[in-house]
Amino acid sequence: MIDRQAFRRSFDEMSAALARRGMDVDDPNGPWGRARALDTRQRELKSQAEALQAERNRVSRLIGQKKGKGEDASAELIAMGEVSRKVKELEAQAKEAEAAFTAVLMEIPNPLHASVPDGNSEDDNVEIHRWGDPRRDEVPPHWDIGADLGILDFEAGATLAGSRFTVLRGAAARMERALMQFMLNTHVDEHGYEEVWVPAIVNRKTMTGTGQLPKFEDDLYKLEGEDAFLIPTAEVPVTNLYQGQILDAENLPIRHCAYTPCFRREAGSAGRDVRGMIRQHQFDKVELVHLTTTERALSDLETLTGHAEAILQALELPYRLIELCGADVGFSAQKTYDLEVWLPSQQCYREISSCSSFGQFQGRRAGIRYRKEGGKPQPVATLNGSGLAIGRCLVAILENGWQQDGSVAIPQALQGYMGGAQSIM
RNA sequence: GGAAGGGUGGCAGAGCGGCUGAAUGCACCGGUCUUGAAAACCGGCGAAGGUAACACUUCCGUGGGUUCAAAUCCCACCCCUUCCGCCA
């Protein structure tokens, strides 16, 4: 959620930062235009209600005093009956106006950080650097590699659940588990994260705290008969671990890593990546989450991204780091780096991790604040990134490790987790 | 799912219609004392809105209601704990 103070005091700067996302900030009927009108109305009604409340409180106190002394207070009582009725009316109106204003604020994305490059689409994303030597020879797509080895079973997935579900067998199933272990161990032992294990089902409030709701309900799996949802990413439960809390500045930054399954309806991605396991309704991911100070957010984003890169390097997977342009940065983020791994069958880089700084946006929504010694509480800055998406990692290993004889070389870092095997054949 | 108990400031815990945004203790901050620290003593110390600063308003799980007045009474819901049932 945007800062209400800043909304009023730095309206023009905020407009500009939102316009760079491609948002129409001049449309009076759009969220931005409505927010301004609703804010004014909300403030007017509130101050009216407050003035009357003050009157009511003052006289009520007087009545109490008079009665205590045994004096007659019937004149005040009669007058207050009317005031009380009006207060209730105004309170209700003010509350409604406040709710309307908040509702619109919840629909407004995070203003971009000044350092985010301009752009109109993902084509304008900026490549920062590349790592590794992408293989240029012809490699079959992972679905063929996996089918030939008998370790990826798309038909079984479709039978059990539908399209965009996959069953892993044998070495693929084990590698999925190995990747999970390897990533968590690396982040815990080498990068200093505290591992957490969290629910994959969360309630509406939690989903709202990180920004998935109210705007993106269609992308989520909702449980029937309950106001609860399957998580689309561990970001949601892990960040919300601290919802409503005031943290000590000295405990920051807090760094968590977590494995969870992730569930996405993939509404609106019809026809994209229909084959294989690039885009699944259920996938595994190890997520990195930081809670930090506003001052540190940007430099911590570099650190976090580096932690995700370390996994790709350890797995010997060629990749590139790109920075998303204004048009491509997600709703809640102020700045985002994507890591894209090389997929030889497609001869292109595909997203395997997304690392973002959210500034105070989520901290404000989820009520996560911190206090510097003697200071007032202020929203924490949050960051998160995939470290990494496991299914896509498996895909990358199958394709990048594929040999002419149909076998797949297992990266050395993973062999210990695979019973010492050096390849899948 | 059934029964009982409970949700109050960072924590613990009083309050059970008006003078209570809230006793008390702990924690924390400032001071006195001390070579320093501890102890002791004195003072301060919830959050949000609002203001130049005050004033003022709101918040005692959430939402409604009663009342001139609600943390306190009534209703609904949510959550937690314990017991029973079920169960990986």
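As a basis for the values below, the full set of heavy atoms in this structure was taken, side chains included, without hydrogen atoms, waters or symmetry mates. Numbers restart at 1 for each chain; the letters A, B, ... are given by sequence-line order, proteins then strands. Note that the structure is predicted; figures quoted are calculated from it, not measured.
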| Expressed in whole Å, how much space separates the C1' atoms belonging to C16(B) and C86(B)? | 39 Å
| His256(A) side-chain N/O to Glu194(A) backbone N/O, donor-acceptor pair under 3.5 Å | yes
| remark: Atom OH of Tyr370(A) and atom C1' of C28(B) are separated, to the nearest Å, by 18 Å
| task | Go through the side-chain N and O atoms of Gln362(A) and Glu235(A) and say whether any donor and acceptor fall under 3.5 Å apart. | result | yes
| C1'-based separation of C87(B) from G49(B) [nearest Å] | 49 Å
| message | Please give the distance between the P atoms of U66(B) and C83(B) as a whole number of Å. | response | 41 Å
| query | Looking at C68(B), G46(B), G63(B), which one has an atom nearest to any side-chain atom of Leu77(A)? | reply | C68(B)
| said: Just by distance, no angles: are the side chains of Asn125(A) and Glu122(A) close enough, under 3.5 Å, to form a donor-acceptor pair? | reply: no
| When the P atoms of G18(B) and A70(B) are considered, how many whole Å apart are they? | 11 Å
| query | Can you check the Arg4(A) CZ to A48(B) P distance for me, whole Å? | reply | 13 Å
| Arg8(A) side chain near G50(B) phosphate (N/O to OP1/OP2, under 4.0 Å) | yes
| said: For Glu217(A), I'd like to know if atom CD has over 12 heavy atoms of other residues, nucleotides or ligands within 6.0 Å. | reply: yes
| query | Given C28(B), is OP1 or OP2 found less than 4.0 Å from the side-chain N or O atoms of Arg371(A)? | reply | no
Tell me which donor-acceptor pairs under 3.5 Å the side chains of residues 99-113 of chain A have, and how far apart each pair is, sequence neighbours excluded?
residue   : atom : partner   : partner atom : Å
Thr102(A) : OG1  : Glu98(A)  : O            : 2.9
Thr102(A) : OG1  : Glu98(A)  : OE2          : 2.9
Asn110(A) : ND2  : Ser332(A) : O            : 2.9
Asn110(A) : ND2  : Phe358(A) : O            : 2.9
His113(A) : ND1  : Ser115(A) : N            : 3.1
His113(A) : ND1  : Ser115(A) : OG           : 2.7

| request: Can you tell me the distance, in whole Å, between the CD1 atom of Ile78(A) and the C1' atom of U67(B)? | output: 15 Å
| task | Go through the structure and list residues passing ring pair (Phe, Tyr, Trp, His ring centres under 6.0 Å) with Phe154(A), not counting sequence neighbours. | result | none
| query | Where each residue is assigned the nucleotide of RNA chain B containing its nearest heavy atom, which of Pro377(A) and Gly81(A) is assigned the position nearer the 5′ end? | reply | Pro377(A)
| task | Rounded to whole angstrom, note down the P distance from A14(B) over to G6(B). | result | 11 Å
| field | Polar side chain donor-acceptor pair, Glu266(A) to Ser269(A), under 3.5 angstrom | value | yes
| note | Stems in RNA chain B, runs of 3 or more consecutive Watson-Crick or G-U wobble pairs with both distances under 3.5 Å, sorted by first number, are B:1-7 with B:78-84, B:10-12 with B:24-26, B:28-32 with B:40-44, B:46-49 with B:56-59, B:61-65 with B:73-77
| field | Asp338(A) side chain to Ser354(A) side chain, donor-acceptor N/O pair below 3.5 angstrom | value | yes
| query | Where does the angle between the aromatic ring planes of Tyr193(A) and His290(A) fall among parallel (under 30°), tilted (30 to 60°) and perpendicular (over 60°)? | reply | tilted
| field | Given RNA chain B, 5'-ward residue of the pair Lys95(A) and Glu76(A), judged by closest heavy atom | value | Lys95(A)
| message | Checking Arg177(A) now: which residues fulfil salt bridge (charged side-chain N to carboxylate O under 4.0 Å, His left out) with it, not counting sequence neighbours? | response | none
| query | Do Glu91(A) and Gln53(A) have side-chain N/O donor and acceptor atoms under 3.5 Å apart? | reply | yes
| field | For atom CE of Met1(A) and atom P of G49(B), their distance in whole Å | value | 11 Å
| Atom-pair distance (NZ on Lys205(A); C1' on C77(B)), nearest Å | 15 Å
| message | Tell me the interatomic distance from Asn203(A), atom CG, to C79(B), atom P, rounded to whole angstroms. | response | 9 Å
| When you compare A69(B) with G85(B), how far apart are their C1' atoms, in angstrom units rounded to a whole number? | 46 Å
| said: Would you measure the distance from the C1' atom in A76(B) across to the matching atom in C11(B) and give it in whole Å? | reply: 31 Å
Output one line per pair: protein atom, nucleotide atom from nucleotides 51-58 of chain B, and distance, for all N/O pairs under 3.5 Å.
residue : atom : partner  : partner atom : Å
U57(B)  : OP1  : Asn57(A) : ND2          : 2.9
U57(B)  : O3'  : Gln53(A) : OE1          : 2.9
U57(B)  : O2'  : Gln53(A) : OE1          : 2.8
U58(B)  : OP1  : Arg56(A) : NH2          : 3.2
U58(B)  : OP2  : Asn57(A) : ND2          : 3.4

| Between C1' of G1(B) and CD of Glu226(A), the distance in whole Å | 14 Å
| request: May I have the distance from Ile63(A) (atom CD1) to A70(B) (atom P), rounded to whole angstrom? | output: 12 Å
| task | Answer yes or no: does a side-chain N or O of Lys86(A) lie under 4.0 Å from OP1 or OP2 of C68(B)? | result | no
| What integer number of Å spans the P atoms of G31(B) and G21(B)? | 32 Å
| If you look at every strand shown and take non-hydrogen atoms under 4.0 Å, does Lys88(A) touch a base, only sugar-phosphate, or nothing? | base
| request: Verify whether one side chain among Thr233(A) and Lys285(A) offers a donor that lies under 3.5 Å from an acceptor in the other. | output: yes
| Can you check whether Gln42(A) has a side-chain N or O nearer than 4.0 Å to OP1 or OP2 of G49(B)? | no
| field | Nearest-0.5 Å distance, CZ of residue Arg20(A) to OG of residue Ser15(A) | value | 13.0 Å
| query | Which residues within residues 239-255 of chain A lie with some heavy atom under 4.0 Å of an atom in RNA chain B? | reply | none
